[in-house]
Engineer: 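Shown below is the structure under consideration.
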Protein chains: 2
Amino acid sequence: MTGRVETGADSGPSVANEAETRRSADSSERAYLTIRKLLVEFKLKPGERINEVQLSRSLGVSRTPIREALNRLASEGFVSLTPNRGFFVRSLSTEGLLDLYELRSIIESAAFRLMCERADDSEIDRLRQYWEAIVDVYPNQPPDIILAEDEGFHLLIAELSGNPELVGQLSSINARIRFIRRIQIEHPSHDKAQITSHSAIVEAAVKRDAENGAKLLREHIEMTVSATQQALKDALLKVFAPDNGAELKRRRRARDA
Amino acid sequence: MTGRVETGADSGPSVANEAETRRSADSSERAYLTIRKLLVEFKLKPGERINEVQLSRSLGVSRTPIREALNRLASEGFVSLTPNRGFFVRSLSTEGLLDLYELRSIIESAAFRLMCERADDSEIDRLRQYWEAIVDVYPNQPPDIILAEDEGFHLLIAELSGNPELVGQLSSINARIRFIRRIQIEHPSHDKAQITSHSAIVEAAVKRDAENGAKLLREHIEMTVSATQQALKDALLKVFAPDNGAELKRRRRARDA
DNA sequence: CGTCAAGAAAGTGTCGACACTATTGCGTTC
DNA sequence: GAACGCAATAGTGTCGACACTTTCTTGACG
C-alpha cells in the first residue's frame with residue numbers, strides 16, 4: 001500500500017489538542033478515521049447500508065468528506081459500493097474469515113523467512129526484546145492490550161523482512177480481522193499457548209531457523225473451520241444482540257454456579 | 001479486496017454502446033477507470049501531482065467524481081494523497097518494484113500450493129487447457145496479448161486456490177507492475193524461457209507437485225536487482241522521453257546494421 | 001391475506017460556488 | 001547572482017443545492 005494517504009491510518013495520529021492543531025483538510029481524514037473505527041469494530045452491522053446523511057450529521061461535516069472516506073474504505077475492503085444504492089458494510093462470515101486468516105498466514109510466514117535471511121543480529125534482537133519486555137505481564141493484560149501487543153509483535157516481524165509491502169498488507173489484514181480476534185482473546189477457552197508459541201517463534205528467529213519459525217507461525221495463526229464458526233457465533237451475538245449477549249452471559253454464570 | 005466496488009475494475013465493463021447503457025452513477029466509475037488506466041501505464045509521470053481541474057475538463061465531469069476515483073486509487077496504491085497539496089503518482093523505483101515482485105512471488109507460490117491441495121482434477125485440467133490453447137501462438141503475439149495471457153494464466157492458479165483474497169491481491173499487484181512487465185516483454189533479451197517455465201508449471205500442477213511448482217513459479221517471477229534496474233531504465237526512458245526513446249532505438253538499429 | 005401501482009420520502013451522485021492553502025511570478029535588496 | 005517579501009494565481013477541500021434513483025408507504029383490488 002505504497003500509495004497510502006500521507007497521514008496514515010495505522011500509525012495513529014498524534015493525540016494533540018485539536019483546537020491547537022486544527023488544520024484545513026481535516027474533515028475527510030477525521031471522517032475516515034471515525035468511520036473506519038466503526039467498521040473495524042462492526043459497530044455498523046454486516047451488510048448494513050451506510051447512511052451518509054446520518055454520518056454527516058453526527059460528524060458535523062458535509063457529505064463530501066464522508067463519501068471521500070467511504071471511497072477509500074471501499075478499496076480497503078471495509079465496505080462495498082453499489083452504484084445508486086450506496087456503501088454496504090463488509091460481511092462477517094466463516095469463509096471470509098478463513099480466507100483472511102489464510103492470507104495472513106501466508107504473509108507472515110513469508111515475512112519470517114525473509115527476516116531470517118535479511119535482518120542483522122541487532123534487528124533480530126529487537127524482536128527478542130519486544131517479547132521479553134511484555135511476556136510476564138502479557139497474559140494478565142486486558143484483551144485490547146493483548147491484541148495490540150500481539151499485532152505489534154507480528155508487525156515487527158514484517159518490518160524486519162525489509163519489504164514494506166508486506167508490512168502494509170499485514171497491517172490491512174489486521175484491521176479487517178481485529179474484531180474477531182478480540183472476541184477470541186476474550187473467550188474463556190483462549191489459552192496461554194499464545195505465550196509458548198510467541199516464545200518459540202522468538203527462539204526460532206534468534207536461531208534464524210526460517211522453516212521452523214514459519215511453521216510455528218502458521219500453527220499460531222491458522223484456525224480450524226469449527227473454531228472459526230465458534231468465534232463467528234460469538235461475534236454475531238455481539239454485533240446483533242449486544243444486550244442479549246450480556247444477558248446470556250449472566251444466565252450462563254448463574255447456571256454454572 | 002472483498003469490499004471492491006461492485007462494478008469491478010479488473011473484469012472490465014462490457015463494451016456496450018455508451019448512449020444506450022448510460023446509467024446514472026457513471027461519472028465516478030468512468031473517472032476511476034480512465035485515471036486508473038493512465039496510472040497503470042504511467043501516462044502520468046512518477047511523482048507528478050495530479051491536476052483535478054484538468055482531469056475534470058478533459059473527462060467532462062465535475063471535480064467530485066474525480067476526487068472520489070482518486071481516493072479509491074490512493075487506497076489501491078496508485079497514488080498518494082497529501083492534504084492540501086493533492087494526489088501524487090506513485091513512484092517508479094528499483095526497490096518498489098522488487099518489493100512488489102517479491103509480494104507477487106509470495107502470493108503466487110502460496111496459491112499454487114493451495115491449488116494442488118484443493119482443486120479437483122477437472123479444475124487442474126482448466127489450467128492445462130488454458131495453457132495448451134495458447135502455447136503455440138504465444139511467442140508470436142504482440143506484447144499486450146502475451147501480457148494478458150500470462151496474467152490470465154497466473155490468475156487462474158490463484159482462482160483455483162479457492163481463496164478469493166489471493167485472487168484480489170494478485171490482481172491488484174498485477175495492475176501496479178503491468179507497465180514494467182510490458183517493457184520487459186518488449187525487450188530483445190526477453191527469451192522464450194517463459195514458455196518452458198509455464199509448461200513446467202502446468203506439469204507440476206497436473207502431478208500436484210506443490211513444492212516443485214511453487215519453486216518454478218518463484219524462479220519464473222522473481223527478478224534480480226540488476227534485471228530490475230535495467231528494466232527500470234527502459235521504463236523511465238519511456239516515461240520521461242518517449243520520443244527520444246524511439247530515436248535511440250533507431251540509432252541502435254542503424255549502428256548494429 | 002397477498003399483490004400491484006402510484007406517490008411521497010429518503011438517499012445517492014454530481015454540480016458549481018466559496019473559503020482556504022499552496023504555488024508562482026515579480027520586484028526589491030544585498 | 002541569491003534571498004526575501006508580497007501579490008496574484010492556481011489548486012484543494014468542503015459546502016449546500018439540485019437532479020436522479022431507490023425505498024417506503026398507502027390504497028385499491030382480487
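Heavy atoms only: backbone and side chains are in, while hydrogens, waters and symmetry mates are out. Throughout, protein chains are lettered first and strands after them, A, B, ... in sequence-line order, and every chain is numbered starting at 1.
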Engineer: Scan side-chain atoms only and decide if Ser122(B) and Asp120(B) contain a donor-acceptor pair under the 3.5 Å cut-off.
Structural biologist: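 Indeed, the side chains of Ser122(B) and Asp120(B) share at least one donor-acceptor pair under 3.5 Å.
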Engineer: Would you call Arg36(B)-Glu29(B) a salt bridge at under 4.0 Å N-O?
Structural biologist: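 Glu29(B) and Arg36(B): not salt-bridged.
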Engineer: Pull out every residue in residues 56-70 of chain B that has a heavy atom closer than 4.0 Å to any atom of DNA chain D, ordered by number, or say none.
Structural biologist: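 DNA chain D contact set from residues 56-70 of chain B: Arg63(B), Arg67(B).
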Engineer: Residues two or more places apart in sequence or in another chain: which of them pass side chain to side chain contact (heavy atoms under 4.5 Å, CB included) with Glu159(A)?
Structural biologist: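 Side chain to side chain contact (heavy atoms under 4.5 Å, CB included) check on Glu159(A) returns Arg126(A), Leu156(A), Val167(A).
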Engineer: Name all residues meeting the side chain to side chain contact (heavy atoms under 4.5 Å, CB included) criterion together with Leu100(B); count only those two or more places apart in sequence or in a different chain, and write none if there are none.
Structural biologist: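 Partners of Leu100(B) by the side chain to side chain contact (heavy atoms under 4.5 Å, CB included) criterion, ordered by chain and then number, come out as Glu165(A), Arg176(B), Ile177(B).
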Engineer: Residues two or more places apart in sequence or in another chain: which of them pass side chain to side chain contact (heavy atoms under 4.5 Å, CB included) with Ser105(B)?
Structural biologist: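 Expected list: Arg218(B), Ile221(B), Glu222(B).
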Engineer: Could I get the full list of side-chain hydrogen bond (donor to acceptor under 3.5 Å, both in side chains) partners for Lys233(A), not counting sequence neighbours?
Structural biologist: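 Partners of Lys233(A) by the side-chain hydrogen bond (donor to acceptor under 3.5 Å, both in side chains) criterion come out as none, since no residue qualifies.
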Engineer: Just compare dT23(C), dG13(C), dT21(C) and give me whichever is closest to any side-chain atom of Arg85(B).
Structural biologist: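 For Arg85(B), the side-chain atoms sit closest to dT23(C).
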Engineer: Using side-chain hydrogen bond (donor to acceptor under 3.5 Å, both in side chains) as the criterion, list what pairs up with Arg181(A), not counting sequence neighbours.
Structural biologist: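 Arg181(A) satisfies side-chain hydrogen bond (donor to acceptor under 3.5 Å, both in side chains) with Asp150(A) once adjacent residues are dropped.
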Engineer: Got a list of side-chain donor-acceptor pairs under 3.5 Å for residues 44-53 of chain A, not counting sequence neighbours?
Structural biologist:
unit_1, atom_1, unit_2, atom_2, d
Glu48(A), OE1, Lys45(A), N, 2.6
Arg49(A), NH1, Arg85(A), O, 3.0
Asn51(A), OD1, Val53(A), N, 3.0
Asn51(A), OD1, Gln54(A), N, 3.0
Glu52(A), OE1, Arg63(A), NE, 3.1
Glu52(A), OE1, Arg63(A), NH2, 3.0
Glu52(A), OE1, Arg67(A), NH1, 3.4
Glu52(A), OE2, Arg67(A), NH1, 2.7

Engineer: Classify Leu55(B) by what it touches in the nucleic acid, base, sugar-phosphate, or nothing, heavy-atom distance under 4.0 Å.
Structural biologist: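 Contact class for Leu55(B): none.
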Engineer: In whole angstrom, what separates Leu81(B)'s CG from dG13(D)'s C1'?
Structural biologist: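 Between C1' of dG13(D) and CG of Leu81(B): 10 Å.
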Engineer: Could you list all N or O pairs between the protein and nucleotides 5-7 of chain C that sit under 3.5 Å apart?
Structural biologist:
none

Engineer: Under 4.0 Å from any atom of DNA chain C, heavy atoms only: list the residues of residues 39-47 of chain A that qualify, in numerical order.
Structural biologist: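 Within residues 39-47 of chain A, no residue comes under 4.0 Å of DNA chain C.
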Engineer: Quick one: list whatever passes side chain to side chain contact (heavy atoms under 4.5 Å, CB included) with Leu236(A), sequence neighbours left out.
Structural biologist: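 Leu92(A), Leu232(A), Phe240(A).
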Engineer: Within the structure, does a side-chain N or O atom of Asn51(A) lie under 4.0 Å from either OP1 or OP2 of dG11(C)?
Structural biologist: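 True: Asn51(A) side-chain N/O within range (under 4.0 Å) of dG11(C) OP1/OP2.
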Engineer: With sequence neighbours left out, what residues match Glu41(B) under salt bridge (Lys or Arg N to Asp or Glu O under 4.0 Å)?
Structural biologist: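 Listed in chain order: Lys37(B), Lys43(B).
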Engineer: Under the ring-ring contact (aromatic ring centres under 6.0 Å, His included) rule, what pairs show up with a residue in residues 35-77 of chain B, not counting sequence neighbours?
Structural biologist: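 Qualifying pairs: Phe42(B)-Phe179(B).
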Engineer: OP1 or OP2 of dT14(D) versus the side-chain N and O atoms of Ser27(A): is any pair under 4.0 Å?
Structural biologist: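 It does, given that an N or O in the side chain of Ser27(A) lies less than 4.0 Å from OP1 or OP2 of dT14(D).
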